[in-house]
Amino acid sequence: MLILSRKIDEKIKIGDDITITLIDVHGDQVKIGVEAPKSVKVFRQEVFDAIQKENKAAVAPQNENNVARDAVSALSKLLKK
């Protein structure tokens, strides 16, 4: 893992196409901006995890419909934040 220190408005480049900009620091919260091609999917970790869980539930046997419903519900709650 590469660990970098940045000040507000400073950027980090990943390859030629991805730029991460430090937008704001407020207490223990950091706001970042991510510029990337539309073909690059960018998710918060908890949203990514919920999507993975939903995908796994979708391919589970039909008798596990409750698990799939719970995954969709969890994802919906995360996306409303």
Side-chain angles (χ1 to χ4, degrees):
M1 175 188 304
L2 174 64
I3 299 173
L4 301 170
S5 297
R6 299 280 72 201
K7 294 179 182 175
I8 293 176
D9 293 328
E10 290 185 334
K11 300 175 187 292
I12 297 169
K13 289 291 289 181
I14 301 174
D16 294 331
D17 298 333
I18 301 172
T19 302
I20 298 173
T21 305
L22 182 62
I23 305 296
D24 190 25
V25 179
H26 187 69
D28 65 347
Q29 215 174 35
V30 176
K31 290 185 181 179
I32 61 170
V34 179
E35 295 177 59
K38 290 187 178 195
S39 61
V40 176
K41 296 178 182 179
V42 179
F43 299 103
R44 296 186 331 248
Q45 184 68 50
E46 63 272 18
V47 172
F48 180 82
D49 292 343
I51 291 168
Q52 293 298 319
K53 184 177 178 181
E54 179 183 344
N55 288 343
K56 288 177 184 175
V59 297
Q62 290 297 326
N63 61 356
E64 296 183 13
N65 281 338
N66 289 339
V67 174
R69 195 172 320 128
D70 291 345
V72 171
S73 176
L75 179 59
S76 295
K77 289 177 186 175
L78 284 170
L79 293 175
K80 290 179 183 177
K81 288 183 179 179

Given the rule that I, L, V, M, F, W and Y join up when any side-chain heavy atoms are under 4.5 Å apart, are Ile14 and Phe43 in one cluster? no
Please name all residues satisfying side chain to side chain contact (heavy atoms under 4.5 Å, CB included) with Glu10, sequence neighbours left out, ordered by chain then number. Arg6, Lys7
Full working for side chain to side chain contact (heavy atoms under 4.5 Å, CB included) between Asp9 and Leu22: CA-CA 5 Å; Asp9 293 328; Leu22 182 62; over 6 Å; no
For residues 14-27, which residue pairs qualify under side chain to side chain donor-acceptor pair (under 3.5 Å), counting only residues two or more places apart or in two chains? Lys11-Thr21, Lys13-Thr19
Phe48 atom CZ, over 12 foreign heavy atoms within 6.0 Å: no
Hey, which of Leu4, Ile12, Val42 is the one that makes side-chain contact (heavy atoms from CB on, under 4.5 Å) with Ile20? Ile12
For Gln45, the side chain to side chain donor-acceptor pair (under 3.5 Å) test, sequence neighbours excluded, returns Asp49
Residues two or more places apart in sequence or in another chain: which of them pass side chain to side chain donor-acceptor pair (under 3.5 Å) with Glu46? Arg44
Heavy-atom pair with the smallest gap, counting every atom of Val25 and Ile8: N-CD1, 4.1 Å
Are Val34 and Leu2 connected, step by step, through hydrophobic side chains (Ile, Leu, Val, Met, Phe, Trp, Tyr) whose heavy atoms are closer than 4.5 Å? yes
In the hydrophobic cluster built from side-chain contacts under 4.5 Å, what are the other members alongside Ile23? none
